[in-house]
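This one's a predicted model, so the numbers in the text were calculated from it and none came from an experiment.
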Amino acid sequence: MSKMYRTESRVAGVLFIIATGATMASQMIVEPILDSATEVAVVAGREVALRLGVLLEIVNALASAGIAIALFPILWLCVRGLAVAYAGLRTIEASTGIAAAVGLLLLLTPGMGEIGLVWHDWAFLLLLLVFSISTCVLYPVLFVFRLVPRVLSVWGLIGGLMLAVSVLLILFGRIEFGSTTDLVLSLPIWINEMALALWLILRGVDISALPVEGLRGAK
């Protein structure tokens, strides 16, 4: 493995873990509140949990943007246009994540509970859709240039597409968010993110497989 971009790889790996962990923790905290959400239920002893969920969603958003920043010089070395596209998509994802967090805060505002629920649900689904699109940018680059083991690249691409299918099924009312089908379709990409994160932290990316013309083009 090349020793170049070790710092960027490790930072990206740590941020992958933070983003995924924050998302899962936030869902575990927030979903029980949203499932029975009324303004009374939220205010009656759940303010702290809800604010923690908001904080975790913001952490996820910032970590997602950070991943794009950390990987940008590596992806730029491969395909400049896709490096910009990936950074743009993850920036949109981060912005949408912050918007979703604002929706949660509206639950604490009298008279805004119903609006907050709808706002958060739609923003979170949009976030997942944008994230799944970003995987269709990242993993083909990782695969073509062999930056990580190809099994991780193929796994990530398939997992991202499965997540997109889950989001679309939810949007069209075919399945419920958090249902067994949603879990089955969503779990592969989350597990892949952890596997990729560990690889980036422990081994980094391998740019030795980049063609000479690609390396020249990056100068």
Hey, quick one: are [X] and [Y] part of the same hydrophobic cluster, counting side-chain heavy atoms closer than 4.5 Å, chains of contacts allowed?
| X | Y | result |
| --- | --- | --- |
| Y86 | I69 | no |
| I189 | V184 | no |
| I175 | L127 | yes |
| V30 | M28 | no |
| L187 | I158 | yes |

Sorted by first residue and then second, give each ring pair (Phe, Tyr, Trp, His ring centres under 6.0 Å) pair with at least one member in residues 159-179; sequence neighbours left out.
->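 Counting only pairs at least two positions apart or across chains, the ring pair (Phe, Tyr, Trp, His ring centres under 6.0 Å) contacts touching residues 159-179 are F124-F177.
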[atom1]-[atom2] distance between [X] and [Y], expressed to the nearest 0.5 angstrom:
| X | Y | atom1 | atom2 | result |
| --- | --- | --- | --- | --- |
| I18 | N60 | CD1 | CG | 10.5 Å |
| L157 | L142 | CG | CG | 10.0 Å |
| L117 | L106 | CG | CG | 9.5 Å |
| Y5 | I207 | OH | CD1 | 6.0 Å |
| I29 | L50 | CD1 | CG | 10.0 Å |
| M24 | L56 | CE | CG | 13.0 Å |

Only counting residues at least two apart or in another chain, list the ones meeting side chain to side chain donor-acceptor pair (under 3.5 Å) with [X].
| X | answer |
| --- | --- |
| Y139 | N192, E193 |
| S132 | none |
| S26 | E57 |

Do [X] and [Y] come close enough that some side-chain heavy atom pair is under 4.5 Å?
| X | Y | result |
| --- | --- | --- |
| L200 | V14 | no |
| Q27 | T23 | yes |
| S166 | T181 | no |
| T20 | M194 | yes |
| R51 | L108 | yes |
| I92 | S95 | no |
| I191 | W155 | yes |
| L169 | L185 | yes |

Walk me through it: do L138 and L71 pass the test side-chain contact (heavy atoms from CB on, under 4.5 Å)?
-> CA-CA 10 Å; L138 174 64; L71 291 180; 4.1 Å; yes
Specify the closest pair of heavy atoms between [X] and [Y], including all atoms of both residues, with the distance to one decimal.
| X | Y | answer |
| --- | --- | --- |
| P140 | C136 | CG-O, 3.1 Å |
| E93 | S64 | OE2-OG, 3.1 Å |
| V141 | C78 | CG1-CB, 3.9 Å |
| V11 | A70 | CG1-CB, 4.0 Å |
| G159 | P188 | CA-CB, 4.3 Å |
| F16 | A197 | CB-CB, 3.7 Å |

Ring pair (Phe, Tyr, Trp, His ring centres under 6.0 Å) involving W122 - partner list, sequence neighbours excluded |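 None.
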Test side-chain contact (heavy atoms from CB on, under 4.5 Å) applied to L107 and L104, step by step = CA-CA 5 Å; L107 294 176; L104 288 180; 4.2 Å; yes
W76 (side chain) donor-acceptor with V84 (main chain) under 3.5 angstrom = no
Aromatic ring proximity, centroids under 6.0 angstrom, W190 and F131 = yes
In sequence, state the C-alpha distance, the side-chain angles, and the governing distance for E8 and I74, and then conclude on side-chain contact (heavy atoms from CB on, under 4.5 Å).
-> CA-CA 8 Å; E8 292 86 346; I74 301 172; 4.1 Å; yes
Under 3.5 Å, which donor-acceptor pairs do the side chains of residues 144-154 form with other protein atoms, sequence neighbours left out?
| from | atom 1 | to | atom 2 | distance (Å) |
| --- | --- | --- | --- | --- |
| R150 | NE | F143 | O | 3.1 |
| R150 | NH2 | F143 | O | 3.3 |
| S153 | OG | F143 | N | 3.4 |

Given the rule in the side-chain contact (heavy atoms from CB on, under 4.5 Å) test, do I201 and S9 qualify, once you have shown the distances and angles that lead to the verdict?
-> CA-CA 6 Å; I201 292 171; S9 297; over 6 Å; no
In a check of side chain to side chain contact (heavy atoms under 4.5 Å, CB included) between V167 and each of V130, L129, L126, D182, which one passes?
-> L129
